[in-house]
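Taking it in order: structure first as structure tokens, then the write-up.
For the numbers below, each heavy atom of this structure counts, side chains included, while hydrogens, waters and symmetry mates do not.
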Amino acid sequence: MADELELLRRANPVPVDGPHYGDGPLDHTAERHLDRLLHERPAAPRPRTRLAWGLAATAVVTALVSALLLTGQTTAPAVAAPRPLVVQADSTPVPMARLAERAEQASSAGSPALRKGTHVQSWSLAMSDQDPPITLPQETIVRWNDDDSHTELVVATDPRHPGRPVLTDEGDEPRLVDDGHVLSRRTYPPSWSDAPPESPPPHDAAALHDYLEEAERAFLADHSQPLSTAELLDATRTLLDHWTLGARESAALARLLADAEGLRPVGQITDRLGRRGQAYVYDGEDSRRMLIMDPADGAVLGLEQTFTRDDPRFGVKASDVMTYSAWMR
């Protein structure tokens with residue numbers, strides 16, 4: 001486990017001693033709880049019922065678990081899902097067409113090159129009609145070999161709070177695990193599929209549209225209709241979960257997205273890995289998708305999907321984060 005954790009930390013663009021983002025550092029009360037959790041043992045541990053709560057911040061989770069362990073409380077209150085990313089109020093939105101021009105200029109050098117495989121940090125909301133929703137942070141590295149076999153490593157970790165406990169529902173039982181806990185490690189035999197998204201994506205915008213449409217076709221209710229903007233963004237997620245795009249492919253994707261109806265620029269944002277980007281929002285019927293792109297070369301940094309209405313059945317509220325992915329090169 002230590003080897004995998006070290007691999008992920010070396011790949012993490014945010015240093016351990018860097019500035020805090022998102023929910024911020026622990027407050028003094030949470031620090032004391034964490035210190036007691038790490039250095040003391042309850043005199044008489046009591047049985048615990050199934051833990052089910054949302055992850056609003058590591059500070060909240062640490063405080064809750066400390067309370068459970070140190071006071072013997074047998075139930076944990078539900079807390080809200082993570083807050084959505086916030087656009088910098090005084091920033092100037094950059095039109096997607098202009099960003100596409102920058103991406104095309106950056107691609108003239110021909111590097112970086114397209115690479116099969118991905119390195120992604122993701123947060124997803126696990127919901128049921130019986131328990132409060134919980135947010136599961138994990139990191140995935142997929143690497144392909146010369147013989148077309150590939151390996152997939154999935155680790156429970158939150159790079160915003162390195163070294164602190166992580167919530168997982170591994171085995172359908174929500175619980176805390178150590179940072180770097182390996183959820184799965186698999187090796188897959190060679191695959192020679194030539195269908196999207198396994199086949200290399202083109203670096204022409206029109207051809208890339210057809211490629212994404214084919215990759216998303218299995219999820220479409222009506223195959224006769226062109227991709228909607230929401231479906232195009234979902235297909236983009238699928239693409240980036242299989243490929244680390246090169247400069248030319250990123251330029252083609254930016255050009256394609258520049259023509260997407262309803263995708264509007266909203267300004268500058270700092271993503272959950274501390275990277276500066278330009279945000280573009282599409283408002284759907286039940287959710288909002290926010291695409292985060294590198295302002296220099298048009299590479300996609302992240303994609304966040306949030307609820308736009310309350311759903312009491314699953315205990316979610318408008319603006320709760322449904323899914324979030326942050327891709328790394």
Side-chain angles (χ1 to χ4, degrees), residues 11 13 94-122 140-146 148 150 152 191-220 226-261 263 265 271 273 275-280 282 289-304 324-329:
V94 176
M96 181 67 79
R98 187 180 307 168
L99 190 64
E101 292 175 358
R102 295 179 185 175
E104 289 174 357
Q105 293 172 359
S107 69
S108 61
S111 62
L114 176 69
R115 177 172 58 81
K116 195 169 188 179
T118 190
H119 182 185
V120 58
Q121 175 73 33
S122 61
T140 302
I141 295 180
V142 179
R143 292 289 180 262
W144 285 75
N145 306 313
D146 293 339
D148 284 316
H150 68 280
E152 179 189 76
S191 171
W192 296 280
S193 172
D194 58 358
E198 299 298 335
S199 58
H203 46 80
D204 171 78
L208 182 59
H209 177 275
D210 294 341
Y211 175 98
L212 294 177
E213 190 169 55
E214 185 176 351
E216 194 69 8
R217 191 176 303 280
F219 307 101
L220 301 180
L227 288 179
S228 67
T229 299
E231 292 165 344
L232 176 60
L233 293 174
D234 290 343
T236 296
R237 185 195 303 273
T238 300
L239 171 65
L240 296 176
D241 281 343
H242 285 78
W243 294 88
T244 300
L245 299 187
R248 295 191 300 173
E249 291 77 20
S250 288
L253 180 58
R255 177 56 60 191
L256 176 58
L257 293 169
D259 296 329
E261 183 178 356
L263 186 62
D271 79 353
L273 298 184
R275 302 172 297 184
R276 297 284 181 177
Q278 281 289 325
Y280 300 85
Y282 175 76
R289 291 168 173 82
M290 177 186 287
L291 186 71
I292 305 165
M293 303 183 74
D294 190 316
D297 60 12
V300 175
L301 300 179
L303 182 61
E304 178 180 82
Y324 180 83
S325 295
W327 291 279
M328 292 162 273
R329 292 181 179 176

TODO: Sort and list the pairs that fulfil side-chain hydrogen bond (donor to acceptor under 3.5 Å, both in side chains) and have at least one residue in residues 238-247, not counting sequence neighbours.
DONE: R115-T244, D241-W327

Validation row: [X], [Y] side chains within 4.5 angstrom (heavy atoms):
X: L273; Y: M328; answer: yes
X: L240; Y: L245; answer: yes
X: V94; Y: R102; answer: yes
X: P226; Y: E213; answer: yes

Can you give me the closest heavy-atom contact between [X] and [Y], atom names plus distance?
X: L301; Y: R275; result: O-NH2, 3.1 Å
X: R329; Y: S250; result: NH2-OG, 4.2 Å
X: P200; Y: L114; result: CB-CD2, 4.2 Å
X: S325; Y: R237; result: OG-NH1, 3.1 Å
X: E198; Y: Y211; result: N-OH, 4.3 Å
X: R143; Y: T118; result: NH1-O, 3.4 Å

- [ ] Tell me, please, which residues at least two apart from H150 pass ring pair (Phe, Tyr, Trp, His ring centres under 6.0 Å).
- [x] W144, Y188

- [ ] Please list, chain by chain and in numerical order, all residues satisfying ring pair (Phe, Tyr, Trp, His ring centres under 6.0 Å) with Y324, sequence neighbours excluded.
- [x] W123

- [ ] Quick one: do Y280 and I292 satisfy side chain to side chain contact (heavy atoms under 4.5 Å, CB included)? Show the steps, please.
- [x] CA-CA 6 Å; Y280 300 85; I292 305 165; over 6 Å; no

Please output the side-chain donor-acceptor pairs of residues 251-259 that fall under 3.5 Å, not counting sequence neighbours, one pair per line with the distance.
| residue | atom | partner | partner atom | Å |
| --- | --- | --- | --- | --- |
| R255 | NE | E104 | OE2 | 3.2 |
| R255 | NH2 | E104 | OE2 | 3.4 |

Residues in salt bridge (Lys or Arg N to Asp or Glu O under 4.0 Å) with [X], at least two apart?
X: R289; answer: D234
X: E304; answer: R272
X: E101; answer: none

Open item on the list: How long is the straight-line distance from CG of D210 back to CG of L227, given to the nearest 0.5 Å?
Closed with: 9.0 Å

Task: Spacing of D294 atom CG and R276 atom CZ [to the nearest 0.5 Å] - done: 13.0 Å

Using the test side chain to side chain contact (heavy atoms under 4.5 Å, CB included), find all partners of [X] that sit at least two apart in sequence or belong to another chain.
X: S108; answer: none
X: A106; answer: D297
X: A279; answer: V87, V266, I269, M290
X: A113; answer: none

TODO: Just jot down the side-chain hydrogen bond (donor to acceptor under 3.5 Å, both in side chains) partners of D148, sequence neighbours excluded, or say none.
DONE: W192

